[in-house]
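Predicted model, so just to flag it, every value in this text is computed and none were measured. Numbering starts at 1 and runs along the sequence shown.
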Amino acid sequence: MAGEIPPAQPPPAVPEPEPEPVRHPYLLFWRWRRNPLRRPSDRLRAWVSLGLVLAVLVAAPAAMFGVGDSAYRHYRSTAEHEERTRDHRPAVLTHDAPRHPEPGSDEARETRYPVPVRYTGPDGVSRTGTTEVEPGLPADSTVLVWVDDEGRITEPPLTAEQIRSRTMGWAILAFLGVVVTGLAVHAATGLVLHRRNLAQWDAAWANTAPRWSRFP
């Protein structure tokens, strides 16, 4: 009948999504699984990798603590020697210190300028040298400088914070050195085995190719 509304149709079926492939839970250990395609080099590389991981896990902390302990002893001994051979002495500025372009600012309080000074060494002889002072100090101002046993202006003895920082630096370098060495050995081993596999494939293909190229 003209103008009749057709009956409602069911919605088209929506295809169900395909299930995601199930990943093997032991994918990382595929080189040890039985597989007809597994080559002896695959097993060798797996054992080398395992051995390197275990070696790095043992050697890296040992190197970190060993190097850190040696570095701490060295810097502790250096600090004690510096404390015995260096002392604070008054020094007089022979020139005005430069003025900072922004006096009173945070940057001005942290900035230091090298200025010639005159001081007396451990031997009682008057000496001259250069030390860093606050900006704006006028000539004839008195400052304290560190002087070694030879009468030279030098740095202050190492502080506990400096010893700790340098020790941690060497310990971290030792740890990273062992890790990088392990990665380098792993990469070199993989490269050697890969080239060996390519050479074996070339030899096998050289024996097989003539059979395929013969005409009946």
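Applying the under-4.5 Å side-chain rule to Ile, Leu, Val, Met, Phe, Trp and Tyr, the cluster around V192 consists of that residue alone. Taking Ile, Leu, Val, Met, Phe, Trp and Tyr as members and joining any whose side-chain heavy atoms lie under 4.5 Å apart, directly or through other members, L144 forms no hydrophobic cluster with any other residue. Taking Ile, Leu, Val, Met, Phe, Trp and Tyr as hydrophobic and joining them when side-chain heavy atoms fall under 4.5 Å apart, one finds W170 in a cluster with V67, Y72, Y75, L158, I163, L173. Grouped with V125 in a hydrophobic cluster is no other residue, since no side-chain heavy-atom contact under 4.5 Å to another Ile, Leu, Val, Met, Phe, Trp or Tyr is found.
Scanning for side-chain hydrogen bond (donor to acceptor under 3.5 Å, both in side chains) contacts around D149 gives an empty result, with sequence neighbours left out. With sequence neighbours excluded, the residues satisfying side chain to side chain contact (heavy atoms under 4.5 Å, CB included) with R84 are E80, H81. Residues passing the side chain to side chain contact (heavy atoms under 4.5 Å, CB included) test with E150 are D148, R152, sequence neighbours excluded. Residues meeting the side-chain hydrogen bond (donor to acceptor under 3.5 Å, both in side chains) test with D140, sequence neighbours left out: none. Taking E161 as the reference, T159, R164 meet the side chain to side chain contact (heavy atoms under 4.5 Å, CB included) condition, with sequence neighbours excluded. Partners of T120 by side chain to side chain contact (heavy atoms under 4.5 Å, CB included), not counting sequence neighbours: none found.
Summarising the geometry of A97 relative to E134, their closest heavy-atom pair is CB-O, 3.6 Å, with the distance given to 0.1 Å. Closest of all the heavy-atom pairs between L93 and P138 is CD2-O, 3.9 Å.
Taken from OH in Y119 to OG1 in T131, the straight-line distance is 9.5 Å, to the nearest 0.5 Å.
Under the side chain to side chain donor-acceptor pair (under 3.5 Å) criterion, the residue pairs touching residues 176-186 are S49-H186, with sequence neighbours excluded. Applying the salt bridge (charged side-chain N to carboxylate O under 4.0 Å, His left out) test to pairs two or more places apart or on separate chains, those with a residue in residues 57-71 are D69-R73.
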Practice problem: Using the side chain to side chain contact (heavy atoms under 4.5 Å, CB included) rule, take H88 and W146 through it: C-alpha gap first, then chi angles, then the decisive distance, then the call. | Solution: CA-CA 5 Å; H88 251 152; W146 282 98; 3.1 Å; yes
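Applying the 6.0 Å contact sphere to CZ of R118 captures no more than 12 heavy atoms from other residues, nucleotides or ligands.
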